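Report on one structure; see the data block that follows.
Hydrogens, waters and symmetry mates play no part in the numbers below; they use all other heavy atoms, side chains included. As the structure is a computational prediction, the values presented were derived from the model and not from experiment.
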Amino acid sequence: MKFKDMQYTRPDAEKIKQQLTAYTEAIRDAETYEKARETFFAFEELSNHLRTAFEIAGIRHSIDTRDEFYDSEMKYLNAVDPELQEYSQQFMLASLESKFRPEFEKEFGDLIFVNAEIALKTFSPEIIPLLQKENDLVMEYEKVIASAQIPFEGGTYTLSQLSPFKTDKDDARRHAAWKAEGQWYKEHQPTLDDIYDKLTHLRDEMGKKLGYENYLQLGYYRMGRNCYTKADIEKFRAAVVKYLVPVADSIYKDQAKRTGVQYPISFADASLSFRSGNPRPQGSADDILAAGKKFYDELSPETSVFFRNMLDCELMDVLSTEGKQAGGYCTDIADYKVPFIFANFNGTQGDVEVVTHEAGHAFACWTNRDRVPYEYLWPSMEACEVHSMSMEFFAWPWSEDFFGADARKFRYSHLASALTFIPYGTMVDHFQHLVYEKPEMTPAQRHATWKELLGVYMPWMCLDGEIPFYSDGEGWQRQTHIYASPLYYIDYCLAQTVSLEFWAMIQADLKSAWEKYMAYTVQGGSRMFTELLRNAGLETPFDENCLKSVCGKAMEFLCNYDLHGIE
């Protein structure tokens, strides 16, 4: 079925509460495992119906945030979701206390109960009003970003549409685009400051109401982290500063020399990888999708069937249009057992990375679409990001199809940006930890904190006083995850480290690397992150030697990379 034909029906919250209450009582009163199992799957079916309604409404709202119907539906859903959590958690509690728990664990493994115990630590009826307000504030932020209309060179652009100008090879034009974007953020900064200030205090209040010192422990539980702790993340951060920051610094020194700009490098100049211009995909959006089809057809039989279904069922919305939410994501539509990809093509190499990155998520979803229970479709978030970031590297042998003459540029810049991303992503995480440790910080103090962290994680960056917003250490406000998905961003860094393991394998033997990727992916969410890695024969990013090893191999490749003839 095509996405446009999928029906949305507003969930009847009161009816669902009654059903959830009945299932809770039924699993408590079950006299046999068969009866308890039957109730469990009835609960799962109801949860999938509800999830489907949320996702269809959410996708259509993302595509056009100006659509009054879906704007209204999202407001309704944001209000009832926390209320329904209370009833879902009562069912979880009853399941945990069931005398048939050993039978459930024998059939499905114990991870559903491990995750249920974590989920119970994230909720109490007394925080329902706070969750509703959090949803409203996140939606407000997303609408502000989606509403951007930036005047530039006689035209008006959304943030996504302006992006190609920010990497233009003409210095004056590129700097002007950065200034135009920075000016828009600067003009909307009071609103952005106010939203984040409210979110910070709101989340801190949630944490304290649930018995935690601040939001951080609650945030870890909300992210479903079940196999590592804050101490493990701190250890990873230290390894990034020790091994990766010097590598990234050398990459930017080479870039400054190659492009003829001053080092330390400005935000605008950091975005230009080559003097002759950054790699650009060849052709239109349709050409990129056609190249994607060829890639997935030739990579494996499984990926061929998957991507053809994505195209045939129109399960992607990729063009950048007015009113469209910024960024990109992949989600699943439970009742139809299909993934959906949302993106904003803008003529940059990021368009190709959508077809690989988000489709990496989608392929994992497709591969595990018949998982039982459905909760095992997706693993935890850092594990999910391994699917996507690694798939980007599997597309390397098909770079010419996507980039034509710019393929060599792409391979170099893609690997370089993977290495330089990890310090940035780790900084995002460190910033959030400091913010939630001191929620009383003023907006000005938060900006100062970000500016200080830039010196630790991105010492190659010159704070260019000519670019509004960025020059004042305020660039974190363009990072949607900080507002909408607190503490998420480190997941990308952990996954990028694992993806670099796959990159090294691909250089040696593509077939063998793909077999290991499938060994990782077919496990779905049936295991914890560290177990998924171990079962597939991969190293954990929490091992300092893992980061040290992948950095060394990637840097050796870049140092010996043939850039002859590329300006």
Side-chain angles (χ1 to χ4, degrees), residues 62-66 140-193 195 255 259-262 265-285 288 317-328 342-354 406 409 413 417 424 447 461-480 482-483:
S62 296
I63 291 170
D64 188 356
T65 60
R66 304 166 302 178
E140 182 182 348
Y141 169 80
E142 290 173 344
K143 288 182 75 173
V144 170
I145 298 300
S147 71
Q149 294 287 289
I150 304 171
F152 184 72
E153 293 187 344
T156 304
Y157 301 88
T158 66
L159 288 165
S160 177
Q161 291 167 343
L162 187 69
S163 292
F165 300 110
K166 291 175 62 187
T167 58
D168 197 282
K169 63 183 179 181
D170 182 89
D171 290 346
R173 195 182 202 200
R174 185 176 68 258
H175 281 254
W178 276 83
K179 290 175 186 177
E181 184 195 60
Q183 185 60 39
W184 182 88
Y185 275 109
K186 198 69 179 174
E187 289 168 358
H188 291 79
Q189 188 177 63
T191 300
L192 298 175
D193 277 340
I195 293 172
Q255 181 175 318
T259 56
V261 300
Q262 194 172 26
I265 201 163
S266 74
F267 287 99
D269 289 336
S271 65
L272 183 69
S273 297
F274 298 95
R275 186 70 265 171
S276 57
N278 287 2
R280 303 279 186 188
Q282 59 178 359
S284 65
I288 293 172
D317 190 289
V318 300
L319 299 180
S320 182
T321 54
E322 286 190 17
K324 193 172 185 180
Q325 183 177 304
F342 170 92
N344 280 275
F345 276 14
N346 54 24
T348 66
Q349 72 183 67
D351 296 352
V352 174
E353 288 160 8
V354 165
D406 276 356
K409 278 187 185 180
S413 64
S417 61
Y424 169 76
H447 297 315
M461 195 64 74
C462 172
L463 295 181
D464 188 346
E466 295 182 356
I467 302 176
F469 179 68
Y470 290 98
S471 62
D472 298 321
E474 296 157 0
W476 62 271
Q477 291 186 312
R478 58 168 292 281
Q479 190 62 65
T480 303
I482 294 176
Y483 285 78

Just verifying a value: how many Å separate [X] [atom1] and [Y] [atom2], rounded to the nearest 0.5 Å?
X      : Y      : atom1 : atom2 : answer
Tyr483 : Glu140 : OH    : CD    : 10.5 Å
Arg275 : Lys169 : CZ    : NZ    : 9.5 Å
Tyr424 : Met461 : OH    : CE    : 10.0 Å
Leu192 : Phe469 : CG    : CZ    : 7.0 Å
Thr167 : Leu272 : OG1   : CG    : 8.0 Å
Asp193 : His447 : CG    : NE2   : 4.0 Å

State, with a plain yes or no, whether a side-chain heavy atom of Cys462 is found less than 4.5 Å away from one of Gln262. no
Non-hydrogen side-chain atoms of Tyr141 and Ile482 separated by less than 4.5 Å: no
Please determine whether side chain to side chain contact (heavy atoms under 4.5 Å, CB included) holds for the pair His175 and Ser266, giving the CA-CA distance in whole Å, both sets of side-chain angles, and the decisive distance to 0.1 Å. CA-CA 10 Å; His175 281 254; Ser266 74; 3.9 Å; yes
Heavy-atom donor-acceptor pair, [X] side chain to [Y] backbone, under 3.5 Å:
X      : Y      : value
Asn346 : Asp351 : no
Asp406 : Arg280 : yes
Asp168 : Asp170 : yes
Thr65  : Gly323 : yes
Lys143 : Arg66  : no
Asn278 : Ser271 : yes
Asp317 : Phe342 : no
Lys409 : Ser273 : no
Thr321 : Lys324 : no

Shortest non-hydrogen contact from [X] toward [Y]:
X      : Y      : result
Phe345 : Ala285 : CD2-CB, 3.6 Å
Ser160 : Pro164 : O-CD, 3.7 Å
Asn344 : Gln325 : ND2-O, 3.0 Å
Arg173 : Phe165 : NH2-CE2, 3.2 Å
Tyr157 : Leu162 : CB-N, 4.0 Å
Thr158 : Ser320 : OG1-OG, 3.9 Å

Determine whether more than 12 heavy atoms belonging to other residues, nucleotides or ligands lie under 6.0 Å from atom CD of Glu153.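 Yes, CD of Glu153 has more than 12 neighbouring heavy atoms, counting only those of other groups under 6.0 Å.
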Would Tyr185 and Ile145 count as a side chain to side chain contact (heavy atoms under 4.5 Å, CB included) if you check the C-alpha gap in whole Å, the side-chain angles of each, and the deciding distance to 0.1 Å? CA-CA 9 Å; Tyr185 275 109; Ile145 298 300; 4.0 Å; yes
Could you list the residues that satisfy side-chain hydrogen bond (donor to acceptor under 3.5 Å, both in side chains) with Glu181, not counting sequence neighbours? Lys166, Tyr470
Using side chain to side chain contact (heavy atoms under 4.5 Å, CB included), reason through Ile467 and Lys186 one step at a time and then give a plain yes or no. CA-CA 10 Å; Ile467 302 176; Lys186 198 69 179 174; over 6 Å; no
Worked check of side chain to side chain contact (heavy atoms under 4.5 Å, CB included) between Trp178 and Glu466: CA-CA 10 Å; Trp178 276 83; Glu466 295 182 356; over 6 Å; no
Between Asp269 and Gln255, do the side chains contain an N or O donor and an N or O acceptor separated by less than 3.5 Å? no
